[in-house]
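Structure, as structure tokens:
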Number of protein chains: 2
Amino acid sequence: MGRQNLLGSFEQMVLLAVRQVGEGAYAPAILERLQATMNRKVSRGAVYVTLDRLQQRGLLTSSSAPAEPGRGGRPRRHVQVTPEGIQQLEEVRAYLDSLWDGLDAVQED
Amino acid sequence: MGRQNLLGSFEQMVLLAVRQVGEGAYAPAILERLQATMNRKVSRGAVYVTLDRLQQRGLLTSSSAPAEPGRGGRPRRHVQVTPEGIQQLEEVRAYLDSLWDGLDAVQED
DNA sequence: GACCCATGTCGACAGTGTATGCATGGGGTG
DNA sequence: CACCCCATGCATACACTGTCGACATGGGTC
């Protein structure tokens, strides 16, 4: 069983975007942040599905915000990264950092 | 077609491990490096398959080394990351760095 | 040549990445 | 207040990645 899975690349980015957006983080805002960073289109569905899966794994929690005033729409789903989520983010980063170590200097060839 | 895919987490790690091992990089050595870094078991198959896929995408090249002396075995398959591979590694890292920006400082809450 | 070890390759299946399209809930407008 | 519209969210589908276990191959050793 791969129950010790690493976060995927996109999952990491979504979690990080959630943290960056902060307080009222919800899908559309996260999406925008992602697109701005990666400089390319990201589909809404991709974000929602990833958010769902992350939540099922306990890496983030969500709460339904009581509908925004102004232009209508369904109540927003606010998400927040859990400590566990933060921990996993840091874990992957540590691995990558460790593997990058020493590689920046010598750009072979 | 998702032909503009990001490197997955594991793919990144494999590519980085290849670069770290350097010259005679081949699966078992890469595997060992990976396990040491992640501090957990990684199956040999996972490494080989990933190496294959990465090669098919042109992110690394391989050459069959004329069998090692000493204790027998099949000829080793030496791999090397291509410039394109390096570029993609840097791209993902840039995105992640960008998203991490500002999150280390304030761990309030 | 029987056995063993180091490598490499296959095939299968779960998990992640991504897109398209449907569902829902209010706000305007006539 | 019926309808259209827009902002969100959700569901489905399918390709790509992550992982494993088992099988294949090629040389040493005895």
Side-chain angles (χ1 to χ4, degrees), chain A residues 1-15 17 21 24-32 34-35 38 40-57 59-60 62-79 88 92 95, chain B residues 1-15 17 21 24-32 34-35 38 40-57 59-60 62-79 88 92 95:
Chain A
M1 311 271 133
R3 252 310 33 82
Q4 50 179 353
N5 286 358
L6 277 185
L7 288 173
S9 293
F10 192 67
E11 292 179 325
Q12 286 173 66
M13 294 184 192
V14 169
L15 284 176
V21 173
Y26 75 119
I30 295 163
L31 177 75
E32 199 172 349
L34 248 23
Q35 291 184 146
M38 306 173 69
R40 66 153 166 148
K41 187 176 180 300
V42 172
S43 75
R44 297 183 320 115
V47 175
Y48 281 108
V49 174
T50 301
L51 246 24
D52 284 348
R53 292 172 181 163
L54 253 17
Q55 181 163 11
Q56 278 171 11
R57 275 193 271 162
L59 304 186
L60 60 77
S62 70
S63 56
S64 190
E68 290 289 306
R71 196 100 191 77
R74 298 178 70 167
R76 295 181 172 178
R77 178 179 162 209
H78 286 176
V79 296
Q88 294 214 19
V92 194
Y95 294 159
Chain B
M1 311 262 145
R3 252 310 34 82
Q4 51 179 355
N5 286 358
L6 278 185
L7 287 174
S9 292
F10 193 67
E11 292 179 325
Q12 285 173 66
M13 293 184 194
V14 169
L15 284 176
V21 173
Y26 73 120
I30 294 163
L31 177 75
E32 199 171 348
L34 248 24
Q35 292 185 145
M38 305 172 69
R40 66 153 166 147
K41 187 177 178 302
V42 171
S43 77
R44 297 182 321 113
V47 176
Y48 281 109
V49 175
T50 302
L51 247 23
D52 283 350
R53 293 170 180 165
L54 253 17
Q55 181 163 10
Q56 278 170 12
R57 273 194 272 162
L59 305 186
L60 60 76
S62 72
S63 55
S64 189
E68 290 290 305
R71 195 101 192 75
R74 299 177 69 166
R76 295 180 171 177
R77 178 179 161 208
H78 285 177
V79 296
Q88 295 214 17
V92 194
Y95 294 158

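Lettering of chains follows the sequences in order, A, B, ..., and the numbering in each one begins at 1.
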Side chain to side chain contact (heavy atoms under 4.5 Å, CB included) evaluation trace for Gln88(A) with Leu54(A): CA-CA 11 Å; Gln88(A) 294 214 19; Leu54(A) 253 17; over 6 Å; no
Sugar-phosphate only, base, or nothing, as touched by Tyr48(B) at under 4.0 Å among non-hydrogen atoms: base
Nearest-0.5 Å distance that lies between atom CZ in Arg40(B) and atom CG in Leu34(B): 8.5 Å
Minimum-distance nucleotide to Val49(A) side chain [options: dT9(C), dT12(D), dT8(D)]: dT12(D)
d(CG, Leu31(B); P, dG21(D)) in whole Å: 13 Å
Rounded distance (Å) that lies between atom C1' of dA7(D) and atom NE2 of His78(A): 13 Å
Value in whole Å for how far the P atom of dT17(D) lies from CG of Leu15(B): 12 Å
Candidates dT18(C), dT17(D), dG8(C) - which lies nearest the side chain of Arg57(B): dT17(D)
Approximate separation, where rounding is to 0.5 Å, of Asp52(B) CG and Arg77(B) CZ: 4.5 Å
Whole angstrom value for the distance that separates P of dT16(C) from CG of Leu51(A): 14 Å
Distances for protein N or O near nucleotides 20-23 of chain C N or O, under 3.5 Å:
none

Interatomic distance where CD belongs to Glu11(B) and P belongs to dT16(C) [whole Å]: 14 Å
Asn5(A) CG - dG17(C) P separation (whole Å): 11 Å
Under the side-chain hydrogen bond (donor to acceptor under 3.5 Å, both in side chains) test, residues paired with Ser9(B) that sit two or more places apart: Gln12(A)
Nearest-Å distance for atom pair CG/P, residues Asp52(B) and dG11(C): 12 Å
Arg76(A) side chain near dT8(D) phosphate (N/O to OP1/OP2, under 4.0 Å): yes
Whichever of Ala27(B) and Met38(A) has its nearest DNA chain C nucleotide further upstream toward 5': Ala27(B)
dG17(C) phosphate, OP1 or OP2, under 4.0 Å from Arg40(A) side-chain N/O: no
Nucleotide of dG25(C), dG17(C), dT8(D) approaching Pro75(A) most closely (side-chain heavy atoms): dG25(C)
Pair of N/O donor and acceptor under 3.5 Å linking dG18(D) base with Arg53(B) side chain: yes
Nucleotide dC10(C), atom C1' - distance to CD of Gln56(B) in whole Å: 13 Å
Under the side-chain hydrogen bond (donor to acceptor under 3.5 Å, both in side chains) test, residues paired with Tyr26(B) that sit two or more places apart: Arg76(B)
Gap between atom CD of Glu11(A) and atom CG of Leu59(A) - 0.5 Å precision: 8.0 Å
